[in-house]
Chemist: 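Here it is, the structure in full.
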Amino acid sequence: MPESTEYDVIIAGAGPAGSTAGYILAGAGLRVLIIDKSTFPREKLCAGCITAKTVKLLQRVFGESAGDLRKENIIDFEARRYEIFYKDKLVTGRDTDLPFYFVKRYVYDDFLLKKARRAGAEMIGGDGVEYFDAGRNLIRTSGGRTFTARFIIGADGINSVMRRFFPENRVNRKHWQENLATGLEIFIERSALKREINHPVLCFDYVSYGYSWLFPNSDKLIAGTGGLNVKNRRQLLYAFRKFLSALDIGEVRPYRVKGHPFPYGNFLREPAYGNILLAGDAAGFADPLLGEGIFYAQRSAELASTAILHTMKKGTKAEDAAGETAGEYIRLLQRHLYTEFVYARKTRDFIFNYFNKFNCLALKMLMTVLGSRPVETIHGMRSYRWMQKQEPEEPY
Ligand SMILES: Cc1cc2nc3c(=O)[nH]c(=O)nc-3n(C[C@H](O)[C@H](O)[C@H](O)COP(=O)(O)OP(=O)(O)OC[C@H]3O[C@@H](n4cnc5c(N)ncnc54)[C@H](O)[C@@H]3O)c2cc1C
């Protein structure tokens, strides 16, 4: 049970974004309350792939190395190879020094939340944020409880309630919808496939502006298809079925297929309003080419926390604190994330426009010319901006 009704920071949502912010802010001595509508541990539809840049963040922020995470069974599987197909034709299959890691979200999110709670964050589970009164900085939950805070972090996912309190000039709803995607997934028994899969496989051309995937876990495989809603209309399930039949796994009953929206280029330029800062999916922060969102959820939460700590340390007057924190958060996002989002979206548009016309051979040639650069970009060693080498991420 929460010990108070007044906090320095209230965080809506205990996914990777919310728990990362909770861990940093409570660890810095702030009074933090995390509110999540689900009771943890909880499932989240996701393929669970994390890249080297995420593992670096986990080391830097939480002091957990890849070795620790493997020992604690937080990392469930690791792969040092990947394959890309165009329909059923192999475009490239490469070994890589930089591993792809796979986590189960049920385990990963609970692990991060426990870290935040151990750092001192209080938590309410099973009761969502429903209403926000900007005049009084007051949050009301569906269960009727009320709390106030100096700052609110909206980390409540793609269907964010906190985002609804933003005006149109901060959230362009048309642009948001045009760059919103949906992912469909099922788990497959490893024995259902003739071929053994121990690495990620990406397949293009089943959907427009999106792709299909087959990712390994220690016990199962995850098959999925995701793409921009406006480009696929009602075709996504049909495309997913075509992908599954190419895998030759037999009949899949419709109820086993689960779907969830994800950001795919609809990142907000000003994810701050009053004393609310949005982080993660709530702000549209996922890679606009691949849909990778866990890293961007955690990194944006780190930057939002940094902005809050900056204002608190300076002792800014209460009436100026919200504006100053918002400005600092946007400045940090511009410095650390927006270049990647902008160039990844340009790459997305280039690839999906171009390959609709020139298909497999062109993709093969491009991947040969680029060599290991695409995979280094995904892992954060290169920028999406012309695939230039990047300096390792600074904390802020
Ligand atoms: C099919 C699919 C596959 C994906 N695969 C990958 C992948 O392999 N790798 C990757 O990096 N990303 C992947 N993503 C994206 C990734 O899942 C998200 O980007 C990531 O979960 C975002 O984290 P978050 O903390 O912002 O939000 P979430 O993880 O969605 O957490 C939000 C939390 O807020 C809570 N909440 C919601 N409403 C309220 C409310 N009103 N009040 C309080 N709490 C609330 C929810 O219960 C939830 O716990 C995938 C997405 C989909 C749909």
Side-chain angles (χ1 to χ4, degrees), residues 10-22 33-51 53-55 57 100-106 108-110 112-113 116 123-132 139-143 145 152-165 180-187 200 202 210-217 222-227 236 240 257-264 267 271 278-288 290-301 304 378:
I10 292 177
I11 301 169
S19 292
T20 302
L33 175 66
I34 305 177
I35 304 175
D36 199 291
K37 68 174 185 184
S38 303
T39 307
F40 276 65
R42 59 102 179 88
E43 285 294 355
K44 156 79 179 83
L45 194 75
C46 184
C49 180
I50 61 171
T51 50
K53 60 185 182 293
T54 319
V55 172
L57 182 146
F100 291 96
Y101 301 100
F102 297 90
V103 298
K104 292 182 173 167
R105 290 294 299 271
Y106 186 80
Y108 187 73
D109 291 17
D110 196 45
L112 295 176
L113 178 58
M123 161 77 183
I124 295 179
D127 189 8
V129 167
E130 187 181 75
Y131 178 75
F132 172 65
I139 289 277
R140 193 180 68 223
T141 67
S142 321
R145 291 185 266 195
I152 317 285
I153 297 185
D156 48 345
I158 190 76
N159 297 319
S160 170
V161 168
M162 293 314 301
R163 196 178 58 239
R164 290 188 207 148
F165 299 101
L180 188 65
T182 299
L184 303 176
E185 277 186 345
I186 58 162
F187 283 105
L202 303 189
Y211 61 96
S212 300
W213 59 87
L214 188 60
F215 285 178
N217 274 188
I222 301 176
T225 290
L236 202 62
F240 188 35
V257 177
K258 290 191 176 154
H260 197 74
F262 64 92
Y264 202 53
F267 52 93
L278 297 179
D281 273 14
F285 293 159
D287 178 324
L290 295 171
E292 177 191 5
I294 299 171
F295 169 76
Y296 294 98
Q298 297 195 254
R299 182 69 171 137
S300 59
I378 293 163

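Just the heavy atoms: all of them, side chains too, but no hydrogens, waters or symmetry mates, feed the values below. Each ligand, and each atom within it, is numbered from 1 in the order the structure gives. The first residue in the sequence is number 1, and the count goes up from there.
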Chemist: Does D281 reach ligand 1 with a nitrogen or oxygen that is under 3.5 Å from one of the ligand's nitrogen or oxygen atoms?
Modeler: yes
Chemist: When you measure from atom 37 (C) of ligand 1 to every protein heavy atom, which one gives the shortest distance, and what is it?
Modeler: D156 O, 3.3 Å
Chemist: Could a heavy atom of E130 be found less than 4.0 Å from some atom of ligand 1?
Modeler: no
Chemist: Could you tell me if E292 and T51 have a donor-acceptor pair between their side chains, going purely by distance under 3.5 Å?
Modeler: yes
Chemist: Provide, to 0.1 Å, the distance between atom 20 (C) of ligand 1 and the closest protein heavy atom, together with that atom's residue and name.
Modeler: R105 NH1, 3.8 Å
Chemist: Which bit of A282 is near ligand 1, meaning a heavy atom under 4.0 Å away: side chain, backbone, both or neither?
Modeler: neither
Chemist: For atom 44 (N) of ligand 1, grab the closest protein heavy atom and report residue, atom and distance to one decimal in Å.
Modeler: K37 N, 3.2 Å
Chemist: Heavy-atom contact under 4.0 Å between P16 and ligand 1?
Modeler: yes
Chemist: Under 3.5 Å, side chain of E185 to main-chain N/O of A47, donor-acceptor pair present?
Modeler: yes
Chemist: What part of F40, side chain from CB on, backbone N/CA/C/O, both or neither, has a heavy atom under 4.0 Å from ligand 1?
Modeler: side chain
Chemist: Are the side chains of I222 and L214 in contact, using a 4.5 Å heavy-atom criterion?
Modeler: no
Chemist: Give the residue, atom name and distance (to 0.1 Å) of the protein heavy atom nearest atom 33 (C) of ligand 1.
Modeler: D36 OD2, 3.5 Å
Chemist: Using a strict threshold of under 4.0 Å (side-chain N to carboxylate O), is an ion pair present between D127 and R145?
Modeler: yes
Chemist: For atom 28 (P) of ligand 1, what's the nearest protein heavy-atom neighbour? Residue, atom name and distance, please.
Modeler: K44 CE, 4.1 Å
Chemist: If we set the cut-off at 4.0 Å for heavy atoms, which region of C49 has an atom near ligand 1: side chain, backbone, both, or neither?
Modeler: both
Chemist: Where's the contact between L184 and ligand 1, heavy-atom distance under 4.0 Å: side chain, backbone, both or neither?
Modeler: neither
